[in-house]
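Working notes for the structure below.
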Amino acid sequence: MDKQYIDQFITASLQEDVGDGDHTSLATIPKETTGKAKLLVKDSGILAGVELAIEIFRIVDDQLKTNVFINDGAKIKYGDVAFEVEGSAQSILKAERIVLNCMQHMSGIATKTREVVDVLKGTNTKVLDTRKTTPGLRYLEKWAVRIGGGVNHRFGLYDMILIKDNHVDYAGGISEAIEGARNYLTENHKKLAIEIEVRNIEEVDEVLQTGGVDRILLDNFNFSDLSDAVDMIEGRYITEASGGITIDNVREYAACGVDYVSIGALTHSVKSLDLSLKAVS
């Protein structure tokens, strides 16, 4: 956990939600009231966000005490209790919605990722996430992918060079784009991996003729062409397939021999898990 980032995120989230005060709790619950609440699971899947929840409670009120029963990455089912939190009732309620929003969303992502990971068992292919994330929540969403057993692709535009079709078209071609990227890294003393997206077998051949990359992204290839492309590459570069990959066909993509499949739906089209924070009487 990147504590500096997470603490900034929590502080901003509290400001958004609490503003100048949780007036409902302040109006109805005496300040000295203490209590206990449990994180109740009302769904099935993979739990994610427990570590984050503990940090949220700490920032809201460092006197709150948590007792964790189920950790991140574990399978959960209806009726499970993931943890209990005890202390100021006002503080518990102040933290409640942020904890639930984050954990429900992260658990949905972790669950979807684990489903894909399970389908890929027995193959040499791993599943990647993408930059198709919710603005401001990318760190949490990619964290959830890792909890689910997936692998993070680049975090942003800053930590990898990924030459996509638009870059190639604007640059004037594949060789021009690769040469430009290599020159840029040399001139700016940067060490970043270079990946290039290709759209057909002809572009694969052009990349192989040019060289100078670390990974080839095979976008929207049919299974026959994908297998041919992997054979052409012969392990000289890391291979990644993308475009239209779902849990129903991901095994077929893996059978083509690619090292990675990238699935944007891991983060942009996920159903949150149903979790609830309930007072314990």
Side-chain angles (χ1 to χ4, degrees), residues 112-133 142 145-146 148-171 173-182 184-185 190-268:
K112 174 63 72 174
T113 303
R114 182 68 60 82
E115 290 172 356
V116 176
V117 168
D118 286 346
V119 171
L120 290 173
K121 281 182 179 177
T123 75
N124 294 318
T125 303
K126 296 180 173 61
V127 61
L128 294 169
D129 53 26
T130 71
R131 283 172 53 240
K132 296 176 182 177
T133 55
K142 284 180 171 282
V145 167
R146 295 198 307 275
V151 178
N152 292 149
H153 205 301
R154 58 177 180 160
F155 263 77
L157 296 172
Y158 57 88
D159 60 345
M160 183 181 193
I161 287 186
L162 175 44
I163 305 169
K164 303 197 79 174
D165 53 356
N166 284 338
H167 299 101
V168 169
D169 292 341
Y170 283 134
I174 284 175
S175 60
E176 290 85 355
I178 294 173
E179 182 179 358
R182 288 173 59 82
Y184 174 86
L185 293 178
K190 290 187 174 294
K191 293 184 178 180
L192 299 175
I194 298 176
E195 179 173 10
I196 186 162
E197 178 184 272
V198 293
R199 295 164 282 193
N200 51 56
I201 291 293
E202 291 72 28
E203 290 189 344
V204 174
D205 185 60
E206 190 172 350
V207 170
L208 296 177
Q209 294 296 323
T210 304
V213 300
D214 300 284
R215 184 182 298 190
I216 300 176
L217 171 58
L218 304 145
D219 188 49
N220 284 304
F221 276 55
N222 61 48
F223 296 129
S224 176
D225 286 346
L226 187 60
S227 294
D228 290 344
V230 171
D231 290 341
M232 289 172 62
I233 295 166
E234 292 183 314
R236 286 174 283 178
Y237 303 104
I238 297 168
T239 55
E240 174 188 343
S242 69
I245 302 176
T246 69
I247 194 167
D248 295 321
N249 62 23
V250 68
R251 185 88 185 188
E252 293 177 86
Y253 279 93
C256 296
V258 291
D259 298 303
Y260 295 101
V261 291
S262 53
I263 303 179
L266 294 182
T267 51
H268 73 59

So, does [X] use its side chain to make a donor-acceptor pair with the main chain of [Y] at under 3.5 Å?
{"X": "R182", "Y": "E179", "value": "no"}
{"X": "D129", "Y": "H153", "value": "yes"}
{"X": "D214", "Y": "E195", "value": "no"}
{"X": "T239", "Y": "D259", "value": "yes"}

For [X] versus [Y], what's the shortest heavy-atom pair and its separation?
{"X": "L192", "Y": "L185", "value": "O-CD1, 3.5 Å"}
{"X": "S262", "Y": "L217", "value": "OG-CD1, 4.5 Å"}
{"X": "G244", "Y": "N249", "value": "O-ND2, 3.1 Å"}
{"X": "G211", "Y": "I178", "value": "O-CG2, 3.4 Å"}
{"X": "V250", "Y": "I247", "value": "CG1-O, 3.8 Å"}
{"X": "D225", "Y": "I201", "value": "O-CD1, 3.5 Å"}

- Identify, with sequence neighbours excluded, every residue that meets side-chain contact (heavy atoms from CB on, under 4.5 Å) alongside T125.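 Residues passing side-chain contact (heavy atoms from CB on, under 4.5 Å) with T125: L120, T123, A254, V258, V261.
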- Go through the structure and list residues passing side chain to side chain donor-acceptor pair (under 3.5 Å) with T113, not counting sequence neighbours.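 Testing T113 for side chain to side chain donor-acceptor pair (under 3.5 Å), a comparison that skips the adjacent residues, returns none.
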- Message: Measuring from atom CG of D219 to atom CG of D165, what distance do you get when rounded to the nearest 0.5 angstrom?
- Response: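 It comes to 7.0 Å.
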- With rounding to the nearest 0.5 Å, note down the distance linking CD1 in I174 to CD in E197.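 Between atom CD1 of I174 and atom CD of E197 there are 10.0 Å.
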Any [X] side-chain heavy atom under 4.5 Å of [Y] side chain:
{"X": "D118", "Y": "E115", "result": "no"}
{"X": "V145", "Y": "V127", "result": "no"}
{"X": "R251", "Y": "V119", "result": "yes"}
{"X": "V207", "Y": "V198", "result": "yes"}

- Message: Strictly by side-chain hydrogen bond (donor to acceptor under 3.5 Å, both in side chains), give each pair with a member in residues 198-212 just once, sequence neighbours left out.
- Response: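 The answer is D169-R199, R199-E203.
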- Message: Can you tell me if K142 has over 12 outside heavy atoms packed within less than 6.0 Å of its NZ?
- Response: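 Atom NZ in K142 is crowded, with more than 12 foreign heavy atoms closer than 6.0 Å.
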Would you be so kind as to tabulate the donor-acceptor pairs closer than 3.5 Å made by side chains of residues 154-164, with sequence neighbours excluded?
unit_1	atom_1	unit_2	atom_2	d
D159	OD1	F155	N	3.4
D159	OD1	G156	N	3.3
D159	OD2	F155	N	2.8

- Counterpart residues, salt bridge (charged side-chain N to carboxylate O under 4.0 Å, His left out), relative to E240 (two or more places apart):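 Salt bridge (charged side-chain N to carboxylate O under 4.0 Å, His left out) list for E240, sorted by chain: R215.
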- According to the ring-ring contact (aromatic ring centres under 6.0 Å, His included) rule, which pairs have a member within residues 221-265, sequence neighbours left out?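 Qualifying pairs, neighbours excluded: F223-Y253.
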